[in-house]
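Down below is the structure, laid out as structure tokens.
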Amino acid sequence: EYQKALESYNNALKIKSNAATLNNRGNLRYRLKDTEGAVKDFELAAKADPKDPNPQYNLGNVALETYKDYAGAISFYDKTLELSPRHTSALINRGIAKQKLTAYEAAIADFDAALKINPKSEYAYSKRGVANLLRKDFEAAISDLTNAIKLNDKNMESFYNRGIAHQQLNNTELACQDWTKAKELKA
């Protein structure tokens, strides 16, 4: 399937090159583990349409996920947010990159901003919960992870992390309940 889609993108680009098609082919290449080709496409897409936030966002994802270049990822997400200030995924991913650099307060500020835009973002609650867990604010972590679970009761990670927060507060019974649920969801 992916190879046929890649051929279609290649054929379309032979007819006319444009930012959207380059960006889409980049995403496909990234899924196919062709990181170098994906980056090349994202860079070409960014040059073709400098006002499109998507190539910058995708370059940020490559920096974050593949290269573990958290400062580089933050730079790409900053560019994304300059072009699209309400890009919640860029806010969340920038928060994750900041969290990886142990800048927990800055990460939480990004998760807060994402939640102002989309108060039903289970992912933002879950990631803010982890940031609160890492900075040892266990009550805040429990609150955030509970909100994430209310929005998606199939998220194994939120149950697992909430269990850790309960354990840190010596709530052994609640920790065990959360870990049991996480184990059930993982199976």
Side-chain angles (χ1 to χ4, degrees), residues 1-101 107 110-111 113-115 117-130 148-149 151-161 182-187:
E1 279 305 305
Y2 284 149
Q3 288 303 325
K4 285 183 182 179
L6 185 58
E7 286 176 32
S8 295
Y9 283 126
N10 290 339
N11 290 332
L13 288 165
K14 286 176 188 173
I15 297 167
K16 183 178 182 193
S17 181
N18 65 67
T21 305
L22 286 163
N23 193 59
N24 289 337
R25 185 176 71 178
N27 280 319
L28 181 59
R29 284 179 160 175
Y30 193 55
R31 282 194 201 114
L32 292 169
K33 307 293 186 214
D34 176 9
T35 303
E36 188 176 316
V39 168
K40 182 178 171 184
D41 281 347
F42 296 145
E43 288 172 344
L44 289 170
K47 285 181 185 174
D49 184 357
K51 293 183 179 183
D52 183 356
N54 294 313
Q56 299 297 334
Y57 173 73
N58 290 323
L59 286 164
N61 290 344
V62 172
L64 176 68
E65 298 163 3
T66 302
Y67 297 135
K68 311 296 184 214
D69 175 9
Y70 305 122
I74 290 167
S75 177
F76 285 119
Y77 295 134
D78 286 344
K79 291 175 188 170
T80 303
L81 291 162
E82 286 173 20
L83 297 167
S84 180
R86 297 179 57 81
H87 198 299
T88 56
S89 295
L91 284 164
I92 294 168
N93 286 0
R94 186 175 69 178
I96 292 167
K98 289 175 179 178
Q99 181 176 298
K100 295 286 188 181
L101 295 172
D110 279 345
F111 302 138
L115 286 164
I117 296 165
N118 180 6
K120 294 187 184 279
S121 174
E122 171 255 335
Y123 195 53
Y125 278 116
S126 177
K127 294 303 175 186
R128 189 173 72 181
V130 171
I149 290 165
L151 293 165
N152 178 6
D153 65 357
K154 304 287 187 242
N155 186 328
M156 183 266 309
E157 285 183 26
S158 291
F159 281 102
Y160 178 78
N161 289 325
K183 185 177 178 183
E184 289 170 9
L185 290 169
K186 187 174 183 183

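On a predicted model such as this, the values are computed, not experimentally measured, just so you know. FYI, side chains are in, hydrogens and waters are out, and symmetry mates aren't considered; it's all heavy atoms of this structure.
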Note to self: Is the shortest side-chain heavy-atom distance between N93 and I96 below 4.5 Å?
What the structure shows: yes

Next item on the list: Using the side-chain contact (heavy atoms from CB on, under 4.5 Å) rule, pick out the option among D153, I149, L151 that qualifies with E122.
Entry: L151

Next item on the list: Considering non-hydrogen atoms only, spot the tightest contact between R25 and L6 and give its length.
Entry: CG-CD1, 3.7 Å

Checklist line | Point-to-point distance, once rounded to the nearest 0.5 Å, from CZ of F159 to NZ of K183 | finding: 16.0 Å

Check: If every non-hydrogen atom of A148 is compared with every non-hydrogen atom of S126, which pair is closest and at what distance?
Finding: CB-N, 3.8 Å

Note to self: Just so I know, are the side chains of V39 and L59 near enough to count as touching, which here means a heavy-atom distance under 4.5 Å?
What the structure shows: yes

Check: Does the side chain of N61 come under 3.5 Å of the side chain of Y77 through a donor N or O and an acceptor N or O?
Finding: yes

Checklist line | Sub-4.5 Å side-chain heavy-atom contact between F111 and I92 | finding: yes

Notebook entry, point to check: Any luck finding a side-chain donor-acceptor pair between Y30 and D41 under 3.5 Å?
Noted result: no

Notebook entry, point to check: For K98 and I74, which heavy atoms make the closest approach, and how far apart are they?
Noted result: CG-CD1, 3.7 Å

Next item on the list: Rounded to the nearest 0.5 Å, what's the gap from CG on L44 to CG on D49? Could you check?
Entry: 13.0 Å

Next item on the list: Could you verify whether a donor N or O on one side chain and an acceptor N or O on the other, from T88 and Y123, lie under 3.5 Å apart?
Entry: no

Margin query: Distance check, rounded to the nearest 0.5 Å: L28 atom CG versus T21 atom OG1?
Written below: 12.0 Å

Margin query: Please give me the minimum heavy-atom distance between Q99 and K127, naming the atom from each residue.
Written below: OE1-O, 3.5 Å

Notebook entry, point to check: Given side chains that start at C-beta, do those of L32 and Q3 come closer than 4.5 Å, heavy atoms only?
Noted result: yes

Check: Side chain of T80, backbone of F76: donor and acceptor closer than 3.5 Å?
Finding: yes

Check: Can you name the closest pair of heavy atoms from S121 and L115 and give their distance?
Finding: O-CD2, 3.8 Å

Margin query: Looking at E184, I want to see if its CD is surrounded by more than 12 non-hydrogen atoms of other residues, nucleotides or ligands under 6.0 Å.
Written below: yes

Note to self: Once rounded to the nearest 0.5 Å, what's the spacing between atom CD of E157 and atom CG of N152?
What the structure shows: 11.0 Å

Next item on the list: To the nearest 0.5 Å, tell me how far R29 CZ sits from K40 NZ.
Entry: 7.0 Å

Next item on the list: Write down the atom of P85, the atom of I117, and the distance for their closest heavy-atom approach.
Entry: O-CD1, 4.1 Å

Checklist line | Within-4.5 Å side-chain heavy-atom neighbours: H87 and N54 | finding: yes

Checklist line | Nearest-0.5 Å distance, CZ of residue R94 to OG of residue S89 | finding: 13.0 Å

Notebook entry, point to check: Does N23 use its side chain to pair, donor to acceptor, with the backbone of A19 at less than 3.5 Å?
Noted result: no

